[in-house]
Amino acid sequence: MNVEELVAKAKELIGDNKIEEAKSFIEEHKDDLGEKAHALTALLGDNADDILGKVKGLFGGK
């Protein structure tokens, strides 16, 4: 998987409210994700109600 595919998968997991799976996925691929791993991890730690909206905004919102 390339970086864009990894980010898309992480966004999908977060969007499906599979937070623990998303954390594991990001951890497994943190070297491939680079700086985006930190951004995704930071979002997972956020208690905001609209986490998916934040993810979409962070990565170009599609």
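Heavy-atom basis, side chains included; hydrogens, waters and symmetry copies ignored.
- Closest approach of Ile26 and Ala10 over heavy atoms only: CG1-CB, 4.2 Å.
- Across all their heavy atoms, Leu33 and Val3 have their closest contact at CD2-O, 4.3 Å.
- Heavy-atom minimum distance, Leu13 versus Phe25: CD1-CB, 3.8 Å.
- Atom NE2 of His29 and atom NZ of Lys36 lie 15.5 Å apart (nearest 0.5 Å).
- A search for salt bridge (Lys or Arg N to Asp or Glu O under 4.0 Å) contacts involving Glu20 returns Lys23, not counting sequence neighbours.
- For the side chain to side chain contact (heavy atoms under 4.5 Å, CB included) test, residues two or more places apart in sequence or in another chain that qualify with Asn2 are Glu4, Glu5.
- Leu40 places a side-chain heavy atom less than 4.5 Å from the side chain of Ile14.
- For Glu27, the salt bridge (Lys or Arg N to Asp or Glu O under 4.0 Å) test picks out Lys30, with sequence neighbours left out.
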